[in-house]
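So that the names make sense, note that chain A is the first sequence line, chain B the second, and so on, each numbered from 1.
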Amino acid sequence: MQYQSQAVAKPYFIAAIALFVAQVLFGLIMGLQYVVGDFLFPEIPFNVARMVHTNALIVWLLMAFMGASYYLVPEEAETELYSPALATLMFWVFLVAAALTVAGYLLLSYSTLAEITMNKLLPTMGREFLEQPTITKIGIVIVALAFLFNVGMTILRGRKTVINLVLLLGLTGLAVFFLFAFYNPVNLVLDKYFWWWVVHLWVEGVWELILGAILAFVLVKTTGVDREVIEKWLYVIIAMTLITGIVGTGHHYYWIGTPEYWQWWGSIFSAMEPIPFFMMTVFAFNVVNKRRRDHPNKPAMLWALGTAVMAFLGAGVWGFLHTLSPVNYYTHGSQITAAHGHMAFYGAYVMINITIISYAMPLLRGRNAANSAKSQIWEMWSFWLMTISMVFITLFLTGAGILQAYLQRMGENPQPFMVVQEHISLFYWLREIAGVIFLIGLVVYIASFFVGQNDPEATTAN
Amino acid sequence: MAQPFTKIMARNIFYGGTAFFFLLFLALTFDTMGQLPQRDNRAALSGELGPVIAQGKLIWEENNCIGCHTLLGEGAYFAPELGNVYTRYGNSTDAIKGFIASRPAEGIPGRRSMPQFNFSDEELTAIAEFLKYVSEINTANWPPNIQG
Ligand code: HEM
Ligand code: HEM
Ligand SMILES: [Fe+2]
């Protein structure tokens, strides 16, 4: 750690991991409800578990993005953070708001939560991923603005690197597009049209800038490859991201009441969206092959390369699978969507955050460069356990989705939704088993922070 | 002599490309906004039942129905698609109301079941009218068949 103020990142990372655990536990609850329909009914209905699962995911990814920024921006800018106190204050505001919101989901009925938070004044609740009470959304905006101010002032004051600039652009875009969460007209088509400006323009737009910047930072630090080379790659990757990804939003405008030309625009542009993900893979392996030194933090390298591969698989390959409108006609809103959603979120955004946590945490905890050899072995085990089980979750859901599309939407005798769900329950059982292994991987990951704490640091020679 | 591809060139492609394709996206959005009145069934919203439909949408949202169901293919995949439930139930709002009102409070042993929301008749009407409105949006023939 080169600057004192980078230390504010630590609570963000810890809270992110805690929320990750909550996310996965509720995922397992839902996975069981898929096959044992009355599990925890009516205490925790499926929709409540789902809100906790997806909102915990989003909040922990945002927390980790903020932690990552507080860590890397000062180092890149070569100056202390503008206001560490503000960063710490915002951490608590964010954490308390998130905790209260989740408590509201679990302890109150959703309609009661809507009532006491006065949703009717400005109705924004009850839309997928944007279920938070309006007051929580306002809180998110305030935290985001304070955060952007803090990071922006730091960048203004210090050295201006491409990594910082791209990161700041991505974070600003994140905040700007979130504002569409407040637009909720009665007209369902308009509601859906602009809902995607939050969801799609986040994950296939501005978040990719954040992803690219963090990946570039970790690669600069761990490989010692010339910054010029890395920055050029970064520009090319994010250029391709936005050139394909913005109009690529059209792949969500096939069947929601929008004009049919979107089937062309959406298919053509989103079919090119895998390109930047593929470039990211080539980029990461290229840079690692040209490394000038062997960094002792091996798990960080593993996570970085893993991100590059898994983001391409989950977003690029599994995205392409159902993005052409003639295919999407049969797969829209099926288990194929869920399969892709899981591997894309895991491969791109979960893994990049674990990458920066893996790189930064040893330094934040007072090591020179890396954890002990023992801790590293545990962490690498957790990488393989989580990543392989996520591959299997995706494969099982894909199997379920193909059968679902076939039985329910194709053929002579289309069957009702609930009947089809019975037929494919084997796949849901297998998904749940893979999910348990994922949880074990996560436990091993957390354990890696505690094992071998008193052992000496790993060196490159071992 | 071919020039080497420099960082500045990459940067310019990024800014230029982003600006161009963002403007293109805005232009397409503008055109879409012009075409929506012919497709999105807004006549229903400005008609006599408009306020009822609006109430129905709010009830839909404030009970997080999207947390189990899809609506025009978006939402959760735990329970059936509802964008076409009005047609699936024989073009009957009463059938929709009857289904929602009759859910057992303790669920169905071993099976997925929908909660009992204890809606009033007025609220049930509002939801059913909202779902009828949705079913009349022009969705380019999606879903492929009545099963959703
Ligand atoms: C890291 C990047 C990505 C993430 C995190 C991601 C995540 C998701 C999620 C969560 C959904 C479901 C949204 C919902 O609930 O309705 C979704 C839908 C979709 N994604 Fe992605 N995605 C990414 C990249 C891509 C790419 C690159 C493509 C295309 C090549 C793509 C194609 C699609 C399509 C076509 C759908 C709609 C599925 C449907 O019709 O049901 N995604 N994505
Ligand atoms: C441990 C295992 C997990 C299990 C059993 C699980 C299970 C589930 C289930 C049952 C759903 C709801 C699908 C539906 O709407 O019907 C869901 C949604 C979702 N989960 Fe997970 N999950 C797990 C881990 C994860 C992880 C690690 C991530 C993040 C990378 C994640 C991200 C998501 C997302 C983005 C959605 C929304 C998908 C969409 O709308 O298409 N889940 N999960
Ligand atoms: Fe998308």
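- At a 4.5 Å heavy-atom cutoff, the contact between T70(B) and chain A is made by side-chain atoms alone.
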* **Test log, rule side-chain hydrogen bond (donor to acceptor under 3.5 Å, both in side chains), inputs Y193(A) and T29(B)** => CA-CA 9 Å; Y193(A) 192 92; T29(B) 296; 2.8 Å; yes
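- The most heavy-atom pairs under 4.5 Å with chain A, out of G148(B), C65(B), P109(B), G50(B), come from G148(B).
- Salt-bridge annotation for R127(A) and E74(B): absent, with no side-chain N of the basic residue lying under 4.0 Å from a carboxylate O of the acidic one.
- Cation-pi check for R50(A) over Y77(B) is met; the charged atom lies under 6.0 angstrom from the ring centroid and within 45 degrees of its normal.
- Remark: E61(B) does not engage K120(A) in a salt bridge, criterion side-chain N to carboxylate O under 4.0 Å.
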* Asked: Under the side chain to side chain contact (heavy atoms under 4.5 Å, CB included) criterion, do Y254(A) and W142(B) qualify, and how do the steps go?
  -> CA-CA 9 Å; Y254(A) 300 155; W142(B) 194 90; over 6 Å; no
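- Heavy atoms of F130(B) lying under 4.5 Å from chain A belong exclusively to its side chain.
- In plain terms, the two heavy atoms of A10(B) and Y235(A) that are nearest each other are CB-CB, 3.6 Å.
- Residue contact with chain A, scored on non-hydrogen atoms closer than 4.5 Å, involves the backbone and the side chain of L28(B) alike.
- If you measure heavy-atom distances from I146(B) to chain A, you find no contacts under 4.5 Å at all.
- Using a 4.5 Å cut-off on side-chain heavy atoms (C-beta onward), E260(A) and R39(B) make contact.
- For P143(B), the part sitting under 4.5 Å from any heavy atom of chain A is the backbone (N, CA, C, O) and nothing else.
- In this structure, chain B has a heavy atom under 4.5 Å from the side chain of V162(A), while its backbone stays farther away.
- Listed options W233(A), F417(A), F39(A), F269(A) were ranked by heavy-atom pairs under 4.5 angstrom with chain B; first place goes to F417(A).
- Side chains of Y261(A) and D31(B): a donor on one and an acceptor on the other come within 3.5 Å.
- For chain B, the nearby part of L209(A) is the side chain; its heavy atoms alone come within less than 4.5 Å.
- The neighbour count for F5(B) CZ, taken as heavy atoms of other residues, nucleotides or ligands under 6.0 Å away, is above 12.
- In this structure, chain B has a heavy atom under 4.5 Å from the side chain of E131(A), while its backbone stays farther away.
- At a 4.5 Å heavy-atom cutoff, the contact between I13(B) and chain A is made by backbone and side-chain atoms alike.
- Under the 4.5 Å side-chain criterion, counting only non-hydrogen atoms from C-beta, P80(B) is in contact with M418(A).
- Side-chain atoms of N187(A) and K57(B) form no donor-acceptor pair, as typed in the model, at a separation below 3.5 Å.
- Only the side chain of E422(A) comes within less than 4.5 Å of a heavy atom of chain B; its backbone N, CA, C and O stay farther away.
- Rounding to the nearest 0.5 Å places CD1 of I246(A) at 9.5 Å from CG of L24(B).
- Residues L58(B) and P123(A) approach most closely at CD1-CB, 3.7 Å, considering heavy atoms.
- Proximity to chain B (any heavy atom under 4.5 Å) is restricted, for P185(A), to the backbone atoms N, CA, C and O.
- Contact tally against chain B (heavy-atom pairs below 4.5 Å) for V48(A), D191(A), T112(A): the top residue is D191(A).
- Of the atoms belonging to Y105(A), not a single heavy atom falls under 4.5 Å from chain B.
- Of all heavy-atom pairs spanning Q147(B) and P416(A), the tightest one is OE1-CA, 3.3 Å.
- If you measure heavy-atom distances from L23(B) to chain A, you find no contacts under 4.5 Å at all.
- Distance check, rounded to the nearest 0.5 Å: CD1 of I66(B) to CG of N47(A) gives 11.0 Å.
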* **Stepwise side chain to side chain contact (heavy atoms under 4.5 Å, CB included) test for L190(A) and L36(B)** => CA-CA 9 Å; L190(A) 287 177; L36(B) 282 188; 3.7 Å; yes
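- Interatomic distance, CD of Q33(A) versus CZ of F78(B), reported as 5.5 Å (0.5 Å rounding).
- For E122(B), the CD atom counts as loosely surrounded, since its 6.0 Å shell holds 12 or fewer non-hydrogen atoms of other residues, nucleotides or ligands.
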* Asked: What's the verdict on ring pair (Phe, Tyr, Trp, His ring centres under 6.0 Å) for F25(B) and W197(A), showing C-alpha distance, side-chain angles and the deciding distance?
  -> CA-CA 11 Å; F25(B) 185 57; W197(A) 287 37; 5.3 Å; yes
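- Taking all atoms of both residues into account, the shortest heavy-atom contact from C68(B) to F46(A) is SG-CD2, 3.8 Å.
- Proximity to chain A is limited to the side chain of M33(B), based on heavy atoms less than 4.5 angstrom apart.
- Neither side chain, Q408(A) nor N145(B), offers a donor N or O lying under 3.5 Å from an acceptor on the other.
- How far CE of M125(A) is from CG of N63(B): 10.0 Å, rounded to the nearest 0.5 Å.
- Between P42(A) and E106(B) the shortest heavy-atom distance is CD-OE1, 3.9 Å.
- More than 12 heavy atoms of other shown residues, nucleotides or ligands fall within 6.0 angstrom of atom CZ in R103(B).
- Using a 4.5 Å cut-off between heavy atoms, F20(B) does not touch chain A at all.
- Only the side chain of W265(A) has a heavy atom closer than 4.5 Å to any heavy atom of chain B.
- When every heavy atom of L242(A) is checked against every heavy atom of F21(B), the shortest pair comes out as O-CB, 4.4 Å.
- Atom CD of Q35(B) sits in a crowded spot, with more than 12 heavy atoms from other residues, nucleotides or ligands closer than 6.0 Å.
- Contact count versus chain B (heavy atoms, under 4.5 Å) is highest, among Y329(A), Y110(A), Y330(A), F129(A), for Y329(A).
- Ranked by heavy-atom pairs under 4.5 Å with chain B, the list I237(A), N119(A), T337(A), V419(A) is led by N119(A).
- Proximity to chain A involves both the backbone and the side chain of N141(B), based on heavy atoms less than 4.5 angstrom apart.
- Interface remark: Q263(A) contributes side-chain atoms only to the contact with chain B (heavy atom separation under 4.5 Å).
- Between R11(B) and E231(A), none of the side-chain N atoms (NZ, or NE/NH1/NH2) sits under 4.0 Å from a carboxylate O, so this pair counts as no salt bridge.
- Separation of atoms CH2 (W262(A)) and OG1 (T32(B)) is listed at 5.0 Å; rounding is to 0.5 Å.
- Neither the backbone nor the side chain of A44(B) comes within less than 4.5 Å of any heavy atom in chain A.
- Note that the OG atom of S334(A) and the CD atom of E81(B) stand 11.5 Å from one another [nearest 0.5 Å].
- Counting heavy-atom pairs closer than 4.5 Å to chain B, the top residue among V36(A), T249(A), T54(A), T241(A) is T249(A).
- Residue L113(A) does not touch chain B at all, counting heavy-atom pairs closer than 4.5 Å.
- If you measure heavy-atom distances from S109(A) to chain B, you find no contacts under 4.5 Å at all.
- Residue L130(A): no heavy atom, backbone or side chain, is found under 4.5 Å from chain B.
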